[in-house]
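These notes are about the structure you will find just below.
Quick note on labels: first sequence line is chain A, next is B, and so on, each numbered from 1.
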Amino acid sequence: MQSALTIDRERIATAAIDPTAIREQFPILSEIVYGKNLVYLDNAASSQKPLAVTQALDKYYASQHANVHRGVHALSDRATEAYENARKLACQFVNAEHVREIIFVRGTTEGLNLVASSYGRHRLKPGDEILVSEMEHHSNIVPWQIIAEQTGSRVRMIPMDDSGQIIQEEYLELLHEKTAIVAITYVANSLGTVNPIKQMTQRAHDVGAVVVVDAAQAAPHLEIDVRELECDFLTLSGHKMYGPTGIGILYGREELLDAMPPYQGGGEMIKRVTFSGSEYAEIPHKFEAGTPNIADSVGFGEAAKFMWNIGFDAIASHEHQLLEYCHERAEEFSDIRIFGMAPQKSGVFAFEIDGIHAHDIGTIVDREGVAIRVGHHCAMPVMRHFNVAATARASFAVYNSIEDIDRLFDALDNARELFNG
Amino acid sequence: MMDDLKALYQEVIIDHSRSPRNFGSLESANCSAAGVNPLCGDELTLHCILDADEIIQDIRFVGRGCAISLASASIMTEMLRGKTKTEAEKLFDQFHARVTGTADGPLVDIGKLEVLSGVREFPTRVKCATLAWHTALAAINKTDEQVTTE
């Protein structure tokens, strides 16, 4: 898939996506930084937002806003309808069976903390094990460590190989009757690896464990289908998939959510409150204490529509072509080391240049208008695996073009010039 | 290429980052401290010998980081050897004011540290330039505390 390729600009140019037309929907991409046209390649950290999303937020606040689920007036009705309609769109986005299986959260981090705290506290016993892969983002490690400490259970690491793939034999070795939870990322943020979630879920279910999927990096690139994956929980963030910040979703299987205690207490999540005790609302409201993030849920729904309009096949093929081109360009340079060479990989190009620290690369390319991420990417165990303190990472979105990658490689030449004279 | 980049990555900086001076451990150190930049994962450990008159007799460091943080640590160790704790603290204040662009009045002579003044055009990199200094001050102040308790 990534070998014996020749650079075929025409093929890429005639692909299903025309980045030029898409860019018109993203005003921020016309920004000038340090006198240069912006090249935004930090999409895995957060993507930019199309006009459809920002206009939906404007429209919501201009004509629909009130609090939800409690007013008897017209605006409250409109807001409630907008919010619950967004939940329906989110349900379709992950192909859940029931709308009540979708909980709005602040983002993936909150989704994972909700499961760790509520499901974990309820289910984990001393001696139980939680399996977490070596390539997880800190947000899919730390919540498990916290709940393990509180419940006397234990977090164990599923190792990966040097290409950035989970070693499946090791995973099978680690799975046994004490395994209560398997928490894995669908797509690794620091490497781009796409993990075989369905297969890993089936093996976890064989020993009675539940599977929690971090889909933050998958949502912008892959069509997510929780029924096909058979996972028990899946969570993702709106802001990485062209939606607003501060909104994400948690999918949980109905019978699991029904059995779980609430995550936070407050308004909206109760049926009846007395000083002798309270009765909780049905799912999903049981997990949505307080006034929800109504406006951004509407923006989330618009982001889902934006992606459907382009189509997941077109998105995947466009980003794959950008990645292939990037890998081919990298092959021209013997001083570039790429991190993450899994055959199944999304649009992440993580690398280092011999003799130049990632931070210096980040600063130098920034002055050329090229935005990339440098650092440990909230994945310190991955950095430790490769014995580096930091890497540089370019990550792609639908609006990126071949020219953007050429601009990155031109900017990298500046780094070489400064360091090597 | 932009002038501010050339001012930041001067030859002296690249040279110090490639061949840091006073790099390594110091067996007889009587004060040490570790510094990390949690944002980027860079880490640095500083060892020094502070004598009874609070004069830095020797100072060495180990660690990894970007060109700015390594060069800053390297140049700092050259500058601090032979200085008193008070002189070290004063120099840091002057250096900090220079790299953050907050110096008042006429420019103070900060000697070789001048090569790092290009950092002021790159606010996100000030932490890289000051990591070694914060670590050094933590090291020499820790000794002070130990001395007092003794």
Modelled atom types, side-chain donor and acceptor of A:Asn43 and A:Asn400, under 3.5 Å: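 There is such a pair (donor and acceptor under 3.5 Å, judged by atom type) between the side chains of A:Asn43 and A:Asn400.
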No-hydrogen, no-angle side-chain donor-acceptor test under 3.5 Å, A:Glu368 and A:Asn414: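 Yes.
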Please flag which part of [X] lies under 4.5 Å from any non-hydrogen atom of chain A: side chain, backbone, both or neither.
X	answer
B:Ile14	side chain
B:Asp4	side chain
B:Ile68	both

pair A:Leu323-A:Val348: side-chain heavy atoms closer than 4.5 Å: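 No - every pair of side-chain heavy atoms lies 4.5 Å or more apart.
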Sorted by number, residues from residues 118-135 of chain B in contact with chain A (heavy atoms, under 4.5 Å):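 B:Glu121, B:Phe122, B:Arg125, B:Cys128, listed by number.
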Geometric cation-pi criterion, A:Arg416 with A:Phe333: 6.0 Å, 45°: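 The answer is yes, since A:Arg416 meets both limits relative to A:Phe333.
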Distance under 6.0 Å and angle within 45° of ring axis: A:Arg23 vs A:Tyr399: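 That pair does not qualify as a cation-pi contact.
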Contacts of A:Ser190 that satisfy side chain to side chain donor-acceptor pair (under 3.5 Å) - sequence neighbours left out: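 Partners of A:Ser190 by the side chain to side chain donor-acceptor pair (under 3.5 Å) criterion come out as none, since no residue qualifies.
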Heavy-atom pair of closest approach, residues A:Leu408 and A:Ala394: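 Closest approach of A:Leu408 to A:Ala394, heavy atoms only: CD2-CB, 3.9 Å.
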